[in-house]
Amino acid sequence: MAERSFAKEVQKLKKGDGETFTGEGILAITKALLENGVGYVGGYQGSPISHLMDVLADAQEILGELGVHFEASASEATATAMLAASVHYPTRGAVTYKSVVGTNVASDALSNLASGGVTGGSIIIVGEDYGEGSSIMQERTYAFAMKSQVWMLDPRPNLPTIVKTVGDAFELSEASNTPVMLQVGIRSCHVHGSFTASDNKRPELTVSDALENPKRKLDRIVLPPATYIHEQEKLTKRRPAAEEFILERGINERFGTPASKIGLVITGGSYNTVIRALNRLDLADIYGDTQIDILCLNCVYPLVDSQILDFCEGKDAVLVVEEGFPNYIEQQISHVLYKAGKSIKLEGKGKLPMGGEYTGQVMVDGLAEFLQDHAPGLLPVTKVATNEEPVAIPDLTDTLPARPPGFCTGCPERPIFAATKLVEEELGEHHISSDIGCHLFSIMPPFDLGATTMGYGLGPASASAFRNEKKGGRRSISFVGDGGFWHNGLTSSIGNAVFNKSDNVIIIVDNYYSAATGGQDILSSRATNKTKETQHSIVDAVKGMGVKWVRHIDRTYDVTKMRDTLTEALTTPEEGPKVIVASSECMLNKQRRVKPEMAKAVKDGKRVVKPRFGVDEDVCTGDHACMRLSGCPSLSVKDTGDPLRDDPVASIDQTCVGCGNCGEVADAAVLCPSFYQAEVVSNPTEREKRSASRSQRLMGWLQSRRDAKRIVYA
Ligand SMILES: O=C(O)C(=O)Cc1c[nH]c2ccccc12
């Protein structure tokens, strides 16, 4: 069950010619695909395009009515390989994935696709996850466009431009026989706005039509000698055709005052921030009217030399605004200017930071510095010679507690790491390889487990160098999630371990979903899915790969069993990889699933029991050992107000979902008798009401008797 349902919103995809479509960027992209006669769509989820995959999945019926095929691809490599359908056939296709990581995975297929080229328009919608709040390493996808010679569009973040760019992308792709990347950042994906809709178009040639009339052209297949021809074609035909299209169709936009002696060359994606910064410098109004000359690159690759030279003609200085390192665009422009013998001053990184997100303030500072150097007369006098002391910004790290990412309340992965901690207490520290997914939060306190993370599904692979020559010596432990397992871990990690006779221990964390990307279903999801095959056993897959030692723990909260199984895996004399599949449903998804059901049952007057855990303040010693093995956000500390007790006691707040992990940890670690389980009963039976009132009266009597015996100081 995905994080968000778009079941209602996708109805807007049926809007016709002239109607106003209002909504979110991801829906606008989907609508634009349908208006442009796309024949098939696919992709792999990941922020910021997870919701685009969810929209497509929720729109499957509407897509089907138009003859459009949708796939939730196994990986980004699968998604890109899917675009092979547009190599020989004039069918338009679009896939989506998270960049940079997705493009890394896709790059084998991407190189092949780019070499042979395409007949039908092919778009890769890459969700760029760069800057503050990103979940991945900070790199630019731009390098992939350059090395494979595929084109990259980067539209201004507003709905009409994004929608227009989808159409441009298909046409550019067809005009130059080249796949086109359409880059969208988090703001483009989730910006709200309106545009005038057009009718949806059925694909010119559906994938079914193509299957009925198969075609092949030898010169499109990536095998020498065709590959040498492909390289020449890229340089002599496809790129010139793309440049011609970019100029003729006015893909890049010119704003402001052409006569201005200074200019900005900016990426489309940065347009809103640039205009806001100019507005704050009194150099633009909120509609974007400005005295500064701007070349806005809605196509960031390839650049058209003549357009760059034309823009720079007669200018004193130009600033390039491109986020991320290296400064690819600036380098290309400087090369063009140098070759043409121009002496114009080119600025870029240096005035703006080398790396990091170009936030509003960063942009204001960078533009102000550029203008101060090259056109101080344009700046308001307060910016040129301010008499005001800059406002001192306090160092918040002194006052605000750090909030590292951690497991959710009730997360079934927490007990797995609690058990690992307990095992290490007995057997000593181990080398632990981590993977991508929520389980990577194990590297943070209170667990502090895991030394590296190398890629999706690559946890066990990144432990593959570790072979202990000492018989009975320490083994490595590695983790992989169910998402990573199906993405490529089955072959890259499990198959590799079997083939190389690994002796290490692998834990597959199965939470029934691709949870970290927003709860999408995968092969082993337990839910039935209307359009996808689910309920496939990870245990069977692992055994099929040849693993002999496999254990399945179907309730990760059983910390004792988890601990004992891991101990056995680390000490058994049996050779070959030891695989533990640890399964329990992602609590975030479970709550999303059961909360509405429970609320409905309560409303309908049905008896509903919710388990909750608590800590008996009188028994808790305040040693906080429970927290050291849990880290649950609902488990915190509380001051008792008792002057004779220095330490605060443990306390469980209202966010508890009753997973029982704290009690289990207490049991497995033989920690603490202070935990108790309570049941919150909605719509109780008459008998339950009578019994509750009896025990309340008894407790009240006992408590008042005890209070009466207490010494009270006046
Ligand atoms: O959603 C995220 O933040 C991810 O990093 C997940 C993800 C999706 N596709 C990938 C390919 C390689 C590494 C991670 C991912």
Side-chain angles (χ1 to χ4, degrees), residues 2-4 26 42-57 71-82 95-110 124-141 143-144 181 183-186 189-190 357 404-408 413 433-444 450 452-462 478-493 509-511 513-523 525 586 588-589:
E3 170 173 272
R4 265 181 74 184
I26 43 171
Y44 194 88
Q45 64 276 358
S47 171
I49 52 75
S50 275
H51 291 171
L52 179 49
M53 284 302 294
D54 297 338
V55 166
L56 294 171
E71 293 241 339
S73 311
S75 76
E76 296 82 356
T78 314
T80 313
M82 187 183 173
V95 298
T96 184
Y97 42 74
K98 177 190 181 91
S99 215
V100 159
V101 287
T103 318
N104 287 337
V105 172
S107 58
D108 183 6
L110 185 60
I124 300 164
I125 302 155
V126 290
E128 195 60 64
D129 194 20
Y130 184 84
E132 291 165 17
S134 163
S135 65
I136 53 162
M137 74 298 279
Q138 299 295 278
E139 291 185 1
R140 295 184 70 181
T141 310
F144 285 89
M181 287 180 168
Q183 177 170 273
V184 280
I186 188 134
C189 288
H190 300 300
E357 186 176 340
F407 297 106
C408 303
E413 302 182 2
S433 297
S434 308
D435 205 306
I436 287 167
C438 305
H439 41 91
L440 187 57
F441 298 146
S442 68
I443 65 166
M444 309 301 283
T452 52
T453 174
M454 286 291 121
Y456 206 23
L458 298 179
S462 51
S478 61
F479 289 92
V480 56
D482 46 355
F485 174 81
W486 293 116
H487 183 270
N488 80 89
L490 178 61
T491 50
S492 305
S493 282
V509 181
D510 166 27
N511 61 17
Y513 307 92
S514 170
T517 58
Q520 291 80 6
D521 280 339
I522 45 178
L523 261 169
S525 290
C586 162
L588 204 59
N589 270 293

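Just follow the structure's listing: the first ligand is 1, and inside any ligand the first atom is 1.
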**Item:** Candidate pair His487 and Tyr456, rule ring-ring contact (aromatic ring centres under 6.0 Å, His included), full reasoning
**Value:** CA-CA 7 Å; His487 183 270; Tyr456 206 23; 4.4 Å; yes
**Message:** So is Gly455 touching ligand 1 or not, going by heavy atoms under 4.0 Å?
**Reply:**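 False for this residue.
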**Asked** Should the proximity of Ile136 to ligand 1, defined as any heavy atom under 4.0 Å, be assigned to the side chain, the backbone, both, or neither?
**Response**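 Answer for Ile136: side chain.
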**Atom indices of ligand 1 within 4.0 angstrom of Gly46 heavy atoms, with elements** =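 Per the distance check, 1 (O).
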**Request:** Mark up the atoms of ligand 1 that fall under 4.0 Å of a heavy atom belonging to Ser47, in ascending order.
**Result:**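 Result: 1 (O).
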Tell me the protein heavy atom at minimum distance from [atom], and give that distance in Å.
{"atom": "atom 6 (C) of ligand 1", "answer": "Thr517 CG2, 3.8 Å"}
{"atom": "atom 5 (O) of ligand 1", "answer": "Lys98 CE, 3.5 Å"}
{"atom": "atom 10 (C) of ligand 1", "answer": "Glu76 OE2, 3.4 Å"}
{"atom": "atom 12 (C) of ligand 1", "answer": "Val101 CB, 3.4 Å"}
{"atom": "atom 8 (C) of ligand 1", "answer": "Gln45 O, 3.4 Å"}

**Prompt:** Heavy atoms, side chains only, cut-off 4.5 Å: are Phe485 and Asp510 in contact?
**Reply:**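 Not touching, per the 4.5 Å side-chain cut-off.
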**Message:** Less than 4.5 Å apart, side chain to side chain, heavy atoms only: is that true for Met137 and Val101?
**Reply:**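 Contact flag for Met137/Val101 side chains = yes.
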**Item:** Cationic N near anionic O, under 4.0 Å, Arg4 to Asp54
**Value:**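 The answer is no: the pair does not qualify as a salt bridge.
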**Asked** Quick one: OH on Tyr513 to SG on Cys438, what's the gap to the nearest 0.5 Å?
**Response**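 So the OH of Tyr513 and the SG of Cys438 are separated by 13.0 Å.
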**Message:** Closer than 3.5 angstrom, by distance alone: can the side chain of Thr103 be matched with the main-chain N or O of Ser99 as a donor-acceptor pair?
**Reply:**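 Here the side-chain-to-backbone pair does not exist.
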**Asked** Hey, does the side chain of Thr452 reach the backbone of Ser433 with a donor-acceptor pair shorter than 3.5 angstrom?
**Response**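 No, because the side chain of Thr452 does not come within donor-acceptor range (under 3.5 Å) of the backbone of Ser433.
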**Message:** Any nitrogen or oxygen of Ser135, side chain or backbone, less than 3.5 Å from one on ligand 1?
**Reply:**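 Right, the criterion is met.
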